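Read the structure below first, then the notes.
Order of appearance sets the numbers: ligands from 1, and atoms from 1 within every ligand. Reckoned from all heavy atoms, side chains included, excluding hydrogens, waters and symmetry mates. Predicted model only: the values in this text are computed from it and were never measured.
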Amino acid sequence: MKTAEILNKEKLTREDLLYLMNIENPEDINLIYEKAYEIKEREIGKKVFYRGLIEFSNNCIKDCSYCGIRKSSKNVERFFMSKEDILESAKWIYENNYGSLVLQSGERQDEEFTAFVEDVVKEIKNLSQGKLGITLSLGEQSKETYKRWFDAGAHRYLLRVETSNEELYKKIHPQDKKHDFDVRIRCLEDLRNTGYQVGTGVMIGLPGQTSEDLVEDILFYEKMDVDMIGMGPYIISDETPMGEEYRDKIMSKEKRVTLGLKMIALSRIYLKDINIAATTALQGLDPLGREKGLKAGANVLMPVTTKGEHRAKYQLYNDKPCIDDTAEQCKGCLAGRVKSVGDEIAYGEWGDSPHYIKRKSRS
Ligand code: 5AD
């Protein structure tokens with residue numbers, strides 16, 4: 001009874017969010033998902049926006065303790081896609097009418113990399129006559145670099161805060177200047193000030209993370225006034241410091257999936273008009289994870305379009321799904337998944353969040 005009552009409130013409080021985050025009985029959890037889906041339908045429609053994902057390099061200067069492509073990982077075959085290969089994938093995304101793409105890679109901050117990305121962004125704009133939307137997910141950069149890439153034609157940027165709890169952030173990153181929580185926040189602010197639509201997100205089910213932390217993460221999204229969210233469960237990656245320490249001590253897969261879905265649903269209920277992705281990591285723990293994500297209020301999917309030979313090398317965590325599939329196969333597979341939920345793919349649209357559109361029209 002209490003759950004239904006809370007869900008009918010116009011604006012939930014921190015305590016309400018915590019109450020819902022801690023609910024364990026399946027009927028009440030379903031009420032949360034249903035409410036979230038209802039709000040997504042009202043705010044956005046039964047639409048799913050696609051972002052074709054090109055993971056173009058696993059070279060990385062960072063050493064995040066959870067991540068399979070961290071600098072110190074020795075068993076990773078490093079790769080950097082050529083400009084031609086990236087443009088070929090971009091062309092495929094354009095011709096298949098996905099509307100927009102995401103360029104993601106490990107982090108690099110050198111001039112050669114900055115100039116490469118700048119050039120690739122311009123070329124993608126050219127090959128699509130300006131029609132393809134371009135999102136970047138390339139980590140922490142200087143304000144100047146963000147500006148150069150924005151001027152080249154990128155208009156959205158994803159940079160996960162990973163956790164809004166500074167203490168926990170410190171625990172899952174090396175304690176040095178290169179992994180500084182304050183810099184992450186500064187970058188999110190710089191991105192917004194540069195003019196990007198900004199997305200952030202967290203990992204869910206991290207060792208030591210509490211329900212209170214997750215509620216604070218949702219309040220952080222509100223405080224930062226973000227336009228989009230991409231978040232997913234933490235998954236063990238072997239041969240990382242956290243993988244080794246927590247392999248047998250981590251919350252069960254089912255619990256992490258449920259928490260991940262609850263985070264999607266509660267973010268939708270609380271923030272209403274933002275874009276929320278159903279991420280591959282969800283599917284990594286549950287074969288139906290992405291469908292369940294859509295049912296719990298997500299409205300964005302990021303089909304991997306990285307070319308076959310490189311896919312398996314971009315493994316941020318164990319058992320990443322779809323690494324043997326081609327872009328074609330992913331397309332067919334996802335279309336079936338979206339249909340099974342009763343949603344429709346919004347082909348050919350940039351799919352800006354209503355949240356962003358409203359903010360823009362105010363300024
Ligand atoms: N489990 C889940 N997500 C991970 N990421 C990196 N490593 C893992 C992992 N082991 C996520 C981080 C990063 C994004 C690109 O991938 O949140 O921001």
Side-chain angles (χ1 to χ4, degrees), residues 51 53-73 75-76 102-108 135-141 156-165 168-169 171-174 179 181 183-185 187-188 191 198-209 213-214 217 220-221 226 228-247 249-251 253 255-257 259-260 263-264 276-286 289-290 293 300 302 304 306 311 313-321 323:
R51 283 81 174 91
L53 179 58
I54 308 177
E55 298 156 333
F56 68 86
S57 170
N58 61 3
N59 293 334
C60 195
I61 59 166
K62 290 286 180 75
D63 238 335
C64 308
S65 313
Y66 43 85
C67 182
I69 64 166
R70 65 201 296 271
K71 182 169 186 267
S72 305
S73 270
N75 286 327
V76 178
V102 181
L103 291 175
Q104 186 176 87
S105 75
E107 200 167 304
R108 271 179 59 181
T135 304
L136 301 179
S137 176
L138 307 172
E140 293 173 355
Q141 304 290 342
R156 291 196 275 242
Y157 204 102
L158 300 172
L159 180 66
R160 289 189 179 178
V161 69
E162 314 298 356
T163 169
S164 64
N165 178 334
L168 183 57
Y169 190 94
K171 285 198 191 124
I172 63 174
H173 294 95
H179 301 81
F181 183 78
V183 171
R184 186 64 59 109
I185 303 295
C187 284
L188 285 167
L191 285 163
V198 179
T200 193
V202 297
M203 285 180 289
I204 299 153
L206 286 164
Q209 191 180 42
D213 289 333
L214 293 171
D217 290 338
F220 174 85
Y221 301 152
V226 294
M228 47 203 190
I229 296 172
M231 56 190 167
Y234 165 64
I235 304 178
I236 291 288
S237 171
D238 287 335
E239 296 174 57
T240 57
M242 275 171 63
E244 278 166 19
E245 185 169 354
Y246 296 107
R247 190 168 300 140
K249 299 185 206 141
I250 186 93
M251 189 190 290
K253 281 188 185 181
K255 278 205 174 144
R256 270 176 289 153
V257 170
L259 256 192
M263 276 297 278
I264 290 179
I276 305 178
T279 55
T280 319
L282 261 181
Q283 197 185 325
L285 293 184
D286 178 338
R290 283 197 280 190
V300 169
M302 297 164 65
V304 180
T306 311
R311 267 188 194 224
K313 298 178 208 151
Y314 199 83
Q315 289 223 42
L316 309 182
Y317 44 78
N318 293 357
D319 303 323
K320 184 182 175 190
I323 54 174

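Looking at Y66 next to ligand 1, an N or O pair under 3.5 Å apart turns up. Checking only distances, I235 does come within under 3.5 Å of ligand 1, N or O to N or O.
Considering M203, Q104, K320, R160 only, the shortest heavy-atom separation from atom 8 (C) of ligand 1 involves M203.
If you check which protein heavy atom lies closest to atom 16 (O) of ligand 1, you get L316 CD1, 3.3 Å.
For ligand 1, the atoms lying closer than 4.0 Å to a non-hydrogen atom of P233 are 2 (C). Taking every heavy atom of E162 and a limit of under 4.0 angstrom, the matching atoms of ligand 1 come to 12 (C), 13 (C), 17 (O), 18 (O).
Each of L53, V102, L159 was evaluated against S137; a single residue qualifies, V102, per the side chain to side chain contact (heavy atoms under 4.5 Å, CB included) test. A side chain to side chain contact (heavy atoms under 4.5 Å, CB included) with Y234 holds for exactly one of E162, M242, Q209; it is M242. Looking at T280, I236, I69 one by one, the single match for side chain to side chain contact (heavy atoms under 4.5 Å, CB included) with Y317 turns out to be T280.
Summarising the local packing, CG of D319 is surrounded by 12 or fewer heavy atoms from other residues, nucleotides or ligands at distances under 6.0 Å.
Between M203 and I172, the closest side-chain pair of non-hydrogen atoms falls below 4.5 Å.
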